[in-house]
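What follows is a short report on a single structure.
Computed from a predicted model, the values in this text were never measured in an experiment. Every heavy atom of this structure was used, including side-chain atoms; hydrogens, water molecules and symmetry mates were not.
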Amino acid sequence: MATPSPRRSPDVRRAALGAATCAALLTLTACSATGGATPDATPGGAGSVTLVTHESFALSEGLLEQFEEDSGLDVQVVQQADSGALVNQLVLTKDAPLGDLVYGIDNAFASRALDEGVVVASELTAPAATDAAAYAVPGDDAGALTAIDFGDVCLNVDTAWFAEQGVPEPTTLDSLLDPAYRDLVVVPDPVTSSPGLAFLLASVGAFGEEGWVDYWAGLRDNGLKVADGWTEAYYTDFTAGGGDGPRPVVVSYASSPPFTVPEGGDAPTTRALLDTCFRQVEYAGVLAGAVNPEGAAQLLDFLLSDAVQADVPASMYMYPVSSAVELPDDWTRWAPLADAPFDVAPADIATHRERWLTQWSDTVIG
């Protein structure tokens, strides 16, 4: 595969896999388990369970069908544009929930979901529940949110471009302020993109409240380009994204490089800068007021099953939380996780997220 379809892009991080997109921003449409639109489906109906998720949700063909056969439940999937829009809709509809289980709330929005009481705890039986507990949201003592997968949002560089141009590759966040990298960097807008927000949080974790705004001002002055979302940044502006873009540095995932191994090649043409990462964790939880909480709990256990956890790298381009899963060989070689990703406490994100986004927009966009 010559170009990656890395996941964690709310703005179609996995839509590039060919997964059907069933919803536009702030518009919810019921979809069948295989992705076909079923407008007449009734969420939470008898014998059914409704999963509310983001547009990047994807599983290999046959997995949901097997769950339906084993459980006797009919799975309906309602897809929202990204994690932020997903949580907003859950909050707005919490008195009349859109479904039974939610998947795709990430650690940038987890505290808000908990504070608003949109999810409730359920009893888990899957062995991977023990592994998931290691990623619990601080303060979620009841366990209302269960981690399903995780990944590192990092700068990615086109190593072939830098070799051809004879320019040293950047290695750190500070590197990008060097005039040698003027007009070479593109990032997704954090206001409209989950990977973009994750990279903003990386800068907050790296430079603190006193320094992150100045850092972005420096990027702006060094010719930073802001794309609407990950798809545009990677596939249009990035030199290695297949669209003949002009910029060899992009915000993507640590799992992106394996998908840039050329046909017949034995190594990627890109590299993730592991000293620039923010770790993104995705959670699932039973919705408060769910019509079928028992079915939701079964579906949650299914997301932690060996079959789904083993499918996560290929289908959603994230790392599974289960320690029992053997990662693909190319991930072991070319998609290592960061040893020390930048960290921002979920409570701080919840308290300051909107202010940080406003400051970012005022600084970078003007």
Point to revise | Derivation of the salt bridge (Lys or Arg N to Asp or Glu O under 4.0 Å) call for Asp343 and Arg279 | key: CA-CA 8 Å; Asp343 183 58; Arg279 184 152 297 165; over 6 Å; no
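The two residues Trp230 and Pro195 come nearest to each other via the heavy atoms CB-CG, 4.2 Å.
Formation of a donor-acceptor pair under 3.5 Å by the Asp100 side chain with backbone atoms of Thr50 is found in this model. With hydrogens and angles disregarded, no donor-acceptor distance shorter than 3.5 Å links the side chain of Thr236 to the backbone of Ala233.
Looking only at atom types and distance, the side chain of Asp131 has a donor-acceptor partner in the side chain of Ser323 under 3.5 Å away.
Linking ILVMFWY residues whenever their side-chain heavy atoms come closer than 4.5 Å, directly or via other members, places Leu64 and Val286 in the same cluster. In the hydrophobic clustering of this structure, Leu92 does not group with Val120; members are Ile, Leu, Val, Met, Phe, Trp, Tyr whose side-chain heavy atoms approach within less than 4.5 Å, directly or through other members.
In this structure, Phe342 has its ring center no closer than 6.0 Å to that of Phe278.
Atom OG of Ser194 sits about 5.5 Å away from atom CG of Asp106, to the nearest 0.5 Å. Between the CG atom of Leu273 and the CG atom of Asp152 there is a distance of 12.0 Å, given to the nearest 0.5 Å.
The environment of Asp329 atom CG is sparse: at most 12 non-hydrogen atoms of other residues, nucleotides or ligands sit within 6.0 angstrom.
A salt bridge links Glu209 and Arg355; the closest N-O separation between the charged side-chain nitrogens and carboxylate oxygens is under 4.0 Å.
For the side chain to side chain contact (heavy atoms under 4.5 Å, CB included) test with Tyr181, the passing option among Leu219, Val157, Val167 is Val167; the others fail.
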